[in-house]
Structure formats: structure tokens, C-alpha cells
S.K.: 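Here's a structure for you.
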Amino acid sequence: MNRKLLIRDLTLRDGQQSLFATRMTQAQIDKVLPLYKEAGFYAMEVWGGAVPDSVMRYLNENPWTRLEKIKESMGGVSKLTALSRGRNLFGYNPYPDDVIDGFNRNAITSGIDIMRIFDALNDTVNVESTIKSVKSNGGIADCAVCYTVDPHFSTRNKIRNALQGKPINSRIFTDDYYVQKALQLQDMGADMITIKDMAGLIPPLRAGRLIRLLKKNLLVPIDFHTHATPGYGLASMLMAILNGVDVLDTNIMSFAGGPAASSFEIIQLFCNKLDIDTGVNLNAVVKIDAQLREIRHELAEYDSYKKFPIDFDITRDKLPKDIDNLFELAIAYAKSEKEDDLLNATQHIERYFNYPEPDEKVKDAEIPGGMYTNMLMQLKQLKLERLLPRTLELIPTVRMAAGCPPLVTPTSQIVGAQAVNCVIDEAKGQPIYTTKSIQFVNLVKGVYGKTPAPIDPDFRYLIAGVKEETPYDTRYYKRQENPVFYEYGDVKLASGEKEELLLELFPSVAADYLKREIEQNYLNEIHKIEEEKRRKFEAEKQAYERLSAEEKKERLLEGLYNYDWTTEEGDYLGHS
């Protein structure tokens, strides 16, 4: 083989989160872990993101237990990876350094090898403490730069701004922007850099160019992460491979495509033709996919597509001649940078494997799929879905006014929700920004960090009542209460550092989960006591029945039994 390509499997975190609302149970996870151990992927993303919240909220499971069980099963064969939003971790406001360090220390102790660290604003200050914490606790710091596109303004908005003397600067997210961010992260101690394209918006030629530039300018390995939603994913992944990417993020076939990442099996077919070694045991992959296909049937109520890929055994099945030729053509188009032809070929390949068609609405709007559906849902609830086109038109205006944040959780939802508010204000004849969310106010104020573009002080004053950027001061951070439940034996809601961290990071969800655990443990203890009493009752009864009549009378008179066995039910006497 000419070269190696490392594969990070996303199936058990990003894959199930993108397609099935993070509903895989521990039992389902356990079914595939022995097979994953055989497969030998370089890394497996298994934790972070929505996993800790969802397993408590919907599955009544402990997130730390999930991670520890995966670590135990995998035995170090693949590096385990998780996702962290830097200083914000899983919330909006930044956390103090001791909470950040506690989270990273426990995550690494429980099994995480690589922590993928990103910030929704690409503000490197927001990830600095996490990088230090991860490395000091023996983990690998994978620092991600969030890919996004420049705002796309309608002709009407461009003319309006020009007439108002406010020409639009929509050249923010240049190639140099990404290279400089990556260099900053490398200088801060990043062990690897990821281009994280959470919305699948990076077209193939841009993907290839960015990977090429990063490989030229950086010393650390480069990982590429994208999604298939708008139809760029597979073509952009091929371009990343051809331009020297070190690590590629994929999903196993039955958990791939649509809003998830592209299929490992398809990438492997390309690698076979390019003489590239992924180091993955393909026999194990076939077995994993068969098991995941069964699990997907079990997750049917959360499966928005219900469109399964074809049943394909990469170790045995042959592609039809015309499809096999498409792989060859795609490689040729990629090498000659014929983007339209490349996209046509890769989308035809995905069509053959029965993956969902590209989402044209998301592609045209240039926003993440989740952001689009959330806005539509908001408007539908108000019976105002007719305002969606105007909402999409306003997004660039709202986004630019707020400093042009990347469209990634949570900023994508903040901008989307505010665009809906503005459209509703407009429909009521009120000035836009009459209605504003506290999250939008905090974004503009500077609470979440520094935005890619400067915010007009007058706009900040209009929204937040201050002209100067005002970062969040963690000195005002207030710890979550940890009450004592006297009725359950004087136990605290959170016991130990790991449970305390759950309470800090997921206050309401963790509080509900931990209380259910306390109640269940108390009931289990009561049941245990009752079982012991029943066992003792039966043992005494059996011993009593073996005695003679004289002995029975004598023992009862001497008070040696707790029960009067002369009665039908065995009345309790209270003797010890």
C-alpha cells in the first residue's frame, strides 16, 4: 500500500445522534462492542455531544457507566473520543476552570483518549483551558475549527444596505481564516486539528484546498469531519483523501448518509482503488453492519428516513460494472478538480447504495439541517409557516449584526430563533429586534466570547444595553444546589464528583435522573429488608415444624422465636 489513512468511526455517537436522536441503549451498544474490538478502527467517537443528556433523559442510564463499559469492552484496541464545547462544555455560559478540569479528568479516567474540543464562535480563548486540562490529565487534544460559510445576502438586502451607507462585508471565512485559526490552536498545544463541517456545507474543491493548505502549514495530523446532508459529503471526503488528510470521520453503512457522515464502506472502496490502507478488519465491519441493521429496526420510531441502504458485504459482493466505473470516474474528476462532474458521480454512487437524496432546502439556505427544521417548527407552532422564506432571507442580516457567528450548536439555534422573532415582529408592524431571546442578548453582549466579525457598538447597545463587549465573569458562577433527601436515608442528590459534575452540566435533567436513582435504590433496600425478613420467617417456620409438640411449646414460652407458629399466619411476637 502507498499510504495509510486512519479512520475515526462516529457510529456510536454522531451517527446515532444525527439519525436516531441518540436513543441507542446500553444493551444495544454492548451487542456491537466485541465486533468493534475485532474491527480495530483507529478511533471511535462514543461520548459527548447529546449522549450524556439523552441517556439520562430518555434511557434512565448513567453516562459515566456507558463510557466505562465501552472502555472495558474495547480494551484499548481503538482510541475512544468525545466531544467538548470548550469553556461552555454542554451549556451556554462558560464554566469555571475547576469544573472544566473535573469534567476532563473524569472523562479521561473513565475511558476517553481523545477529546475533540471546539467553540461555537471559533474563539480560541474559549478552548485554551480545556486544551491544558486534557493534556495535563493525559488525554489527546483534538482541536476543531468549525467550518461555516459567509452570509449570502439577497439582492434586495444588498441594495438596501448600500443605500443606507452600510456596504456588506461578506468575506470573513476565507481560507486564510481557517489556516490562522488552526495555527493558533497548534501553538496552544493541539495534538491534532479537525476541520469540523457539522452542516455538510463544504464543497469538494474547498475541502481539498483547505486540507492542502493545512498540511502545508501545520505540523500536527489533520482530521476531516463532514456530513452528507446537502450532497457534498462523499465528494468532499474523497478530495480530502486525495489531498493528504491523516484521519477521516465515517459511519458504518447502516448508520450513514442523510444528516450523518458518509459510509465507511464506500470510503473503503475508494481506498481500495487508490491503494490506501485503512487498517480496518473488513470481516468485522460486515458483522457490525448486520447487527446495526437489526438495531436500526429497533430504533424505528426515531428513524426519520426509514430508508435503509442496500445489504452490501464489502468482503464478498461485487459492484455492477457501471457503478464500479463511477468510482474510477469520481477519482479522475477529483484529481482534475471537475467539481460538478465529481458531485454527479458521487451522488449517483450514493443513490445506488440507497442513501437519501441531497437536501436541496438546506443546500440553498446554506444552514444546518437542524437549524432549518427548528425554525420551521417554531413557525408551524404559531401557524406562521408562510413566513419561512422571509425568515431565511433575514438570517444573513441577523447573523452579520451579531458578529457573524459560525452556524453550529448553539449559535445556529440562537441566530435561527432570533430570525423567527424578527420576522414575527415585522409581521406585527413592529421594528425587528423588538422581541429578542436572552441567548441572543448574551451573544451580542459578548457573554459567549468574541465573534468572528466585530459588532457595531450601537447595535450592541440596542440589544444588550451596553456598548462595550462584556465577557462572562466566572466569579459570578453559582454552583448547583445539592439537596439532602432525609426521607430516603439522609442521602445527597449527587454523590461523588462524577454525579456532582452531571448536576453542574445538566442541572434539570441530571436532578431528575439522580432523584429517580435515589428512589430506586431506596425501594431496592426496602425490598432487600423485606426479602430478608421473609427468608428468616420461612427458615424459622421450617425449623419450628421439625420440633415435637413439647419442644414447640417450650421454645415459644422461652421467647426464642419471633413468631407464634400456633397461629395460621404466624403472628409476630417481637422476640429477638
S.K.: Taking the basic N atoms (NZ, or NE/NH1/NH2) and the acidic carboxylate oxygens, is any pair closer than 4.0 Å for D277 and R3?
M.R.: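 Answer for the salt bridge query: no.
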
S.K.: If every non-hydrogen atom of G48 is compared with every non-hydrogen atom of A82, which pair is closest and at what distance?
M.R.: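 Heavy atoms only, the tightest pair is N-CB, 4.2 Å.
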
S.K.: Sequence neighbours excluded, which residues qualify as side chain to side chain contact (heavy atoms under 4.5 Å, CB included) partners of P203?
M.R.: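 For P203 the side chain to side chain contact (heavy atoms under 4.5 Å, CB included) partners, ignoring immediate neighbours, are Y147, R206, Y232, E339.
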
S.K.: Are the side chain of S236 and the backbone of I202 linked by a donor-acceptor contact shorter than 3.5 Å?
M.R.: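 It does hold such a pair.
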
S.K.: Given F255 and L10, is the side-chain contact (heavy atoms from CB on, under 4.5 Å) satisfied, shown in steps?
M.R.: CA-CA 9 Å; F255 275 43; L10 307 174; over 6 Å; no

S.K.: Check whether any side-chain heavy atom of M239 lies under 4.5 Å from a side-chain heavy atom of I211, and answer yes or no.
M.R.: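 Counting from C-beta outward, M239 and I211 never come under 4.5 Å.
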
S.K.: Mind listing the closest non-hydrogen atom pair of C143 and L185 along with its distance?
M.R.: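 Heavy atoms of C143 and L185 come nearest at CB-CD1, 3.9 Å.
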
S.K.: How about K307: does its NZ atom have over 12 heavy atoms from other parts shown lying under 6.0 Å from it?
M.R.: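 For K307, atom NZ is crowded (more than 12 foreign heavy atoms under 6.0 Å).
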
S.K.: With a 6.0 Å cut-off (strictly less than), is the heavy-atom count around NZ of K79, excluding the residue itself, greater than 12?
M.R.: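 Check fails, neighbour count at 12 or below.
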
S.K.: After noting the C-alpha distance and the side-chain angles of T229 and D359, does the key distance pass the side-chain hydrogen bond (donor to acceptor under 3.5 Å, both in side chains) rule?
M.R.: CA-CA 6 Å; T229 322; D359 191 325; over 6 Å; no

S.K.: With a 3.5 Å distance limit and no angle check, can you tell me whether D113 reaches the backbone of L80 through a side-chain donor-acceptor pair?
M.R.: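 Checked: pair present.
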
S.K.: With a cut-off of 6.0 Å (strictly less than), are more than 12 heavy atoms of other residues, nucleotides or ligands near NZ of K436?
M.R.: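 Atom NZ in K436 is crowded, with more than 12 foreign heavy atoms closer than 6.0 Å.
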
S.K.: Quick one, R296 with Y305, criterion side-chain contact (heavy atoms from CB on, under 4.5 Å). Give me CA distance, side-chain angles, the key distance, then yes/no.
M.R.: CA-CA 11 Å; R296 183 166 180 174; Y305 285 91; 4.2 Å; yes

S.K.: Short question: side chain of D313, backbone of D317 - any donor-acceptor pair under 3.5 Å?
M.R.: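 Side chain of D313 to backbone of D317, a donor-acceptor pair under 3.5 Å: no, none is there.
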
S.K.: Just to verify, which of I7, I276, I266 counts as forming a side chain to side chain contact (heavy atoms under 4.5 Å, CB included) with C271?
M.R.: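 Per the side chain to side chain contact (heavy atoms under 4.5 Å, CB included) rule, the option paired with C271 is I276, out of I7, I276, I266.
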
S.K.: Would a distance-only check, ignoring hydrogens and angles, find a side-chain to backbone donor-acceptor pair under 3.5 Å from K306 to A300?
M.R.: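 Yes, the answer is positive, given that a donor and an acceptor are paired below the 3.5 Å cut-off.
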
S.K.: Under a 4.5 Å cut-off applied to non-hydrogen side-chain atoms, are L19 and D303 in contact?
M.R.: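 Contact flag for L19/D303 side chains = no.
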
S.K.: Walk me through whether F264 and D9 qualify under side-chain contact (heavy atoms from CB on, under 4.5 Å).
M.R.: CA-CA 8 Å; F264 163 75; D9 178 82; 5.6 Å; no

S.K.: Evaluate the side-chain proximity of I140 to M115: yes if any heavy-atom separation is below 4.5 Å, no if none is.
M.R.: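 M115 vs I140: side chains apart.
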
S.K.: Just do the side-chain contact (heavy atoms from CB on, under 4.5 Å) check on K215 and D246 with the steps written out, would you?
M.R.: CA-CA 9 Å; K215 290 294 295 179; D246 300 289; 2.9 Å; yes

S.K.: State the NZ-OG1 distance between K287 and T315, to the nearest 0.5 angstrom.
M.R.: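 With rounding to 0.5 Å, NZ (K287) is 10.5 Å from OG1 (T315).
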
S.K.: Is there a donor in the side chain of Q378 and an acceptor in the side chain of N374, or the other way round, less than 3.5 Å apart?
M.R.: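 Looking only at side-chain atoms, N374 and Q378 do not form any donor-acceptor pair under 3.5 Å.
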
S.K.: Nearest 0.5 angstrom please: C422 SG to L387 CG, how far?
M.R.: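 With rounding to 0.5 Å, SG (C422) is 12.5 Å from CG (L387).
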
S.K.: Tell me, do I252 and E265 make a side-chain contact under 4.5 Å, heavy atoms counted?
M.R.: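 Touching, per the 4.5 Å side-chain cut-off.
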
S.K.: Is it true that D324 and K273 make a salt bridge, defined as a side-chain N closer than 4.0 Å to a carboxylate O?
M.R.: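 So D324 pairs with K273 through a salt bridge.
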
S.K.: Check whether N126 reaches the backbone of Y448 with its side chain - one donor and one acceptor, N or O, closer than 3.5 Å.
M.R.: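 Here the side-chain-to-backbone pair exists.
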
S.K.: Please tell me if the side chains of L379 and V420 come closer than 4.5 Å, counting only heavy atoms from C-beta onward.
M.R.: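 Yes, their side chains come closer than 4.5 Å.
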
S.K.: Check C146 against F118 and note the closest heavy-atom contact, atom names and distance.
M.R.: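 What the structure gives for the nearest pair is SG-CD1, 3.5 Å.
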
S.K.: Can you measure from CG (D223) to CG (L214) and round to the nearest 0.5 angstrom?
M.R.: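 Result: 11.5 Å between the selected atoms.
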
S.K.: For Y36 and T11, what are the C-alpha separation, side-chain angles and deciding distance, and is it a side-chain hydrogen bond (donor to acceptor under 3.5 Å, both in side chains)?
M.R.: CA-CA 11 Å; Y36 267 106; T11 306; 3.2 Å; yes

S.K.: Hey, could you give me the CG/CG distance between L394 and D425, rounded to the nearest 0.5 Å?
M.R.: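 One finds 10.0 Å between CG of L394 and CG of D425.
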
S.K.: Hey, does V149 have a side-chain heavy atom less than 4.5 Å from the side chain of F173?
M.R.: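 SC-SC contact between F173 and V149 ruled out.
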
S.K.: Do V423 and L388 come within less than 4.5 Å of each other through their side chains, counting heavy atoms only?
M.R.: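 Sidechains of L388 and V423: no contact.
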
S.K.: What's the verdict on side-chain hydrogen bond (donor to acceptor under 3.5 Å, both in side chains) for Q184 and T124, showing C-alpha distance, side-chain angles and the deciding distance?
M.R.: CA-CA 7 Å; Q184 289 173 33; T124 55; 3.2 Å; yes

S.K.: Has T411 got a side-chain atom pairing as donor or acceptor with V408's backbone, closer than 3.5 angstrom?
M.R.: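 Yes: the side chain of T411 pairs with the backbone of V408.
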
S.K.: Cut-off 3.5 Å, side chains only: do D176 and T174 have a donor facing an acceptor?
M.R.: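 No, no side-chain donor-acceptor pair sits under 3.5 Å.
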
S.K.: Please name the pair of heavy atoms, one in L121 and one in P405, separated by the smallest distance, quoted to 0.1 Å.
M.R.: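 For L121 and P405, the tightest heavy-atom pair comes out as CD2-CB, 3.6 Å.
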
S.K.: Is the side chain of E45 donor-acceptor paired with the backbone N or O of T81 at a distance under 3.5 Å, no angle test?
M.R.: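 No; judged by distance alone, with no hydrogens or angles, the pair does not exist.
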
S.K.: Salt bridge (Lys or Arg N to Asp or Glu O under 4.0 Å) for R209 and D175? Distances and angles first, verdict last.
M.R.: CA-CA 8 Å; R209 190 167 69 245; D175 291 348; 2.5 Å; yes

S.K.: What's the spacing between N243 CG and I222 CD1 if we round to 0.5 Å?
M.R.: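 So the gap between those two atoms works out to 12.0 Å.
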
S.K.: Checking R87 against T130 for the side-chain hydrogen bond (donor to acceptor under 3.5 Å, both in side chains) test, could you report, in this order, the C-alpha distance in whole Å, the side-chain angles of both residues, the deciding distance, and whether it holds?
M.R.: CA-CA 7 Å; R87 289 176 67 200; T130 302; over 6 Å; no

S.K.: For the NE2 atom on H348, are there more than 12 heavy atoms of other groups (residues, nucleotides or ligands in this structure) within a distance under 6.0 Å?
M.R.: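 No, because the 6.0 Å sphere around NE2 of H348 holds 12 heavy atoms or fewer from other groups.
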
S.K.: Give a yes or no on whether the backbone of F308 and the side-chain of N354 come within a donor-acceptor separation of less than 3.5 Å.
M.R.: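 Checking the backbone N and O of F308 against the side chain of N354, a donor-acceptor pair under 3.5 Å is found.
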
S.K.: Looking at M188, is its backbone amide N or carbonyl O close enough to the side chain of E128 to form a donor-acceptor pair, meaning the two atoms are under 3.5 Å apart?
M.R.: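 Not at all, since once roles are kept as given, no pair shorter than 3.5 Å links the two residues.
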
S.K.: Return yes when atom NZ of K135 has more than 12 non-hydrogen atoms of other residues, nucleotides or ligands closer than 6.0 Å, and no otherwise.
M.R.: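 More than 12 within 6.0 Å, yes.
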
S.K.: Where is the tightest heavy-atom contact between L238 and A330, given as atom of each residue plus distance?
M.R.: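 Looking at all heavy atoms of both residues, the closest pair is CD2-O, 3.7 Å.
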
S.K.: Are F327 and L274 close enough that some pair of their side-chain heavy atoms sits under 4.5 Å apart?
M.R.: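 Not in contact.
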
S.K.: So which heavy atom on A235 is nearest to which on T346, and how close?
M.R.: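 Taking A235 first and T346 second, the nearest heavy atoms are CB-OG1, 3.5 Å.
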
S.K.: Look up atom CZ in R116 and atom CZ in R13, then write down how far apart they are to the nearest 0.5 Å.
M.R.: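 CZ of R13 is found 8.5 Å from CZ of R116.
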
S.K.: Can you confirm if the NZ or CZ of K338 lies within 45° of the ring axis of Y333 and under 6.0 Å from the centre of its six-membered ring?
M.R.: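 Output no; distance or angle outside limits.
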
S.K.: For R8 and H225, indicate whether the former's side chain and the latter's backbone hold a donor-acceptor pair under 3.5 Å.
M.R.: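 The answer is no, because no donor-acceptor pair under 3.5 Å joins these two groups.
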
